[in-house]
Amino acid sequence: MKNQSVANNIDWITILLYILLVGAGWMTIYSASLPNETTSIFDIGQIYGKQIMFIALSIPLIIVLLTIDAKIYDKYAFIFYGLGIVLLAGLFVAGKTIKGQTNWYSFGGFSLQPSEFAKIGTALALSKFLSDVQINLKNTNHQLIAFAILGLPVLLIMMQPDAGSAMIFAALALVLYREGLPGWYLATGAIAIVLFLLALLVKPLFIVLFALIIILIHFFLTRRAHRNPILSTLVLVAIAGFVYSVDFVYENVLEEHQKDRINVLFNKDVNQQAEGYNLNQSMIAIGSGGWFGKGYLEGTQTKGGFVPEQHTDYIFTTVGEEWGFVGACVVIALFVTLLLRIIYLAERQKSKLSRTYGYCVAAILFMHFFVNITMLIKLFPTIGVPLPFFSYGGSSLWAFTILLFIFIKMDANKVNEW
């Protein structure tokens, strides 16, 4: 049977959502970086001018992604993954150190962050591995291989060190769960995070006593034939050992800036003019917008430059101040609609590779979106991750564009998959 044209099967709804987010993102960057003496919007000497250039360069990139054969992503998935690993490893030789982190290549006046592109290669490699009909994530060996695919880029990124970018890869654990990974892995990870945070707030003894009560209730409510006193005891010992080690990890393992971010989250000995300044100013900016905002280009906090790095990780504060609660909800709704659309498309894929990759795209975008916005309203520790399609930067825009449009091409090509 002759292959059908994929051009007629491109999902324009997803592309429209992409255009709306990129457009709204540029408008926000323009407002956040507008100098006192305005110049042309195409002035690449200004941040908004550079972003227009990045957006313009995305257009031929999109055309290439939609033109090339979708099978290339299946055939060369591990090659793309390997290139990402090489780029990450190369930072230790030719990388530029900024604020104590060696996670950029510098080319004249421009920089490239390979960790953004490594997510694409990792998503493709993981999808390729999971698409093998013989792979079963109930199998321990297969689990270890999947974790190794995720773990190698995470290890290299942590060595830079860049905990924020490394954490994004954790979102791919949701994809593993979707493809059959036992649920206790996610449950254990979630419980460990909760216990770690609790141990910073209350005495470990109280946590252990509470855990003991829960374990005893579960033990006696379980049928006698299914009771396992040894396992229950081991769980309690593991919890006790973990919570009593938190203080040591906090004082001796975490970097000073990482401790500061946790302290800011819990209001522990925070200097609002030092480590607490960024978050405090971002909350003031968002709160000052009220229901409908102060108006586009009218944000006093934004114009006064009170929020540092507002055009990058703190870009959403401009949305909150100038567009208000209603405008912020509209932006959030666009992101949620895009995520739901990707999941919908992923579920209707004929190949397991395309479906799994679709879920990888959704997971990565969700993690960026969730962390970036919740950190600005003090629901999550401050971590330097960009808001997809909104934050300033060529690396992040191109990486998110490639990530998304590879899937759009896969979806369009499903008419030729049997």
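When a residue number appears, it is its place in the shown sequence, counting from 1. Worth saying up front: this structure is predicted, and the values here are computed from it rather than measured.
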With sequence neighbours left out, what residues match W398 under ring pair (Phe, Tyr, Trp, His ring centres under 6.0 Å)?
F54
Please report the closest heavy-atom contact between S395 and F117, naming both atoms and the distance.
O-CZ, 3.7 Å
Report yes if the side chains of M367 and F169 come closer than 4.5 Å at any heavy-atom pair, otherwise no.
no
Could you list the residues that satisfy side-chain contact (heavy atoms from CB on, under 4.5 Å) with P204, not counting sequence neighbours?
V243, Y244
Is the closest side-chain donor-acceptor distance between S31 and E322 under 3.5 Å?
yes
Check the orientation of F80 and Y76. Use parallel for under 30°, tilted for 30 to 60°, and perpendicular for over 60°.
perpendicular
Ignoring hydrogens and geometry, is there a side-chain-to-backbone donor-acceptor pair from E321 to G287 under 3.5 Å?
no
Here the pair of heavy atoms bringing L91 nearest to Q160 is CD1-NE2, 3.2 Å
For Y30, the ring pair (Phe, Tyr, Trp, His ring centres under 6.0 Å) test, sequence neighbours excluded, returns W26, Y48
Residues in side-chain hydrogen bond (donor to acceptor under 3.5 Å, both in side chains) with T14, at least two apart?
D11
G358 to I342 - nearest heavy-atom pair and separation
O-CG2, 3.3 Å
Who pairs with Y185 by ring pair (Phe, Tyr, Trp, His ring centres under 6.0 Å), at least two apart in sequence or on another chain?
F147
If we ignore hydrogens and angles and just use 3.5 Å, is the side chain of S165 paired with the main-chain N or O of D162 as donor and acceptor?
no
Smallest heavy-atom separation, Q281 atom then V307 atom, equals O-CG2, 3.7 Å
Nearest heavy-atom pair of P388 and F400: which atoms, and what distance?
CA-CE1, 3.6 Å
Residues that I343 engages under side-chain contact (heavy atoms from CB on, under 4.5 Å), provided they are two or more places apart
Y359, A362
Does K409 use its side chain to pair, donor to acceptor, with the backbone of L66 at less than 3.5 Å?
yes
Step by step, work out the side-chain hydrogen bond (donor to acceptor under 3.5 Å, both in side chains) result for T318 and Q310.
CA-CA 7 Å; T318 302; Q310 194 166 12; 2.9 Å; yes
Which residues pass the salt bridge (Lys or Arg N to Asp or Glu O under 4.0 Å) test with K50, sequence neighbours left out?
none
Just to verify, what does K138 make a side-chain contact (heavy atoms from CB on, under 4.5 Å) with, not counting sequence neighbours?
N136, P182
Counterpart residues, ring pair (Phe, Tyr, Trp, His ring centres under 6.0 Å), relative to F325 (two or more places apart):
W291
Please step through side-chain contact (heavy atoms from CB on, under 4.5 Å) for the pair L198 and F210, ending with a clear verdict.
CA-CA 12 Å; L198 282 175; F210 181 74; over 6 Å; no
Just to verify, what does T401 make a side-chain hydrogen bond (donor to acceptor under 3.5 Å, both in side chains) with, not counting sequence neighbours?
Y18
Scan residues 360-372 for pairs that pass side chain to side chain donor-acceptor pair (under 3.5 Å), counting only residues two or more places apart or in two chains.
K119-H368
Parallel, tilted or perpendicular for W323 and Y296, by the 30°/60° rule?
tilted
Distance-only side-chain donor-acceptor flag, T102 / T97, under 3.5 Å
yes
Within residues 85-106 or reaching into it, pairs that qualify as ring-ring contact (aromatic ring centres under 6.0 Å, His included) - sequence neighbours excluded:
none
Is a side-chain donor or acceptor of E179 paired with a backbone partner of T356 at a separation under 3.5 angstrom?
no
Under 3.5 Å, is there a donor-acceptor pair between the side chain of S127 and the main chain of Y357?
yes
What are the two closest non-hydrogen atoms of N9 and D411, and how far apart are they?
O-OD2, 4.3 Å
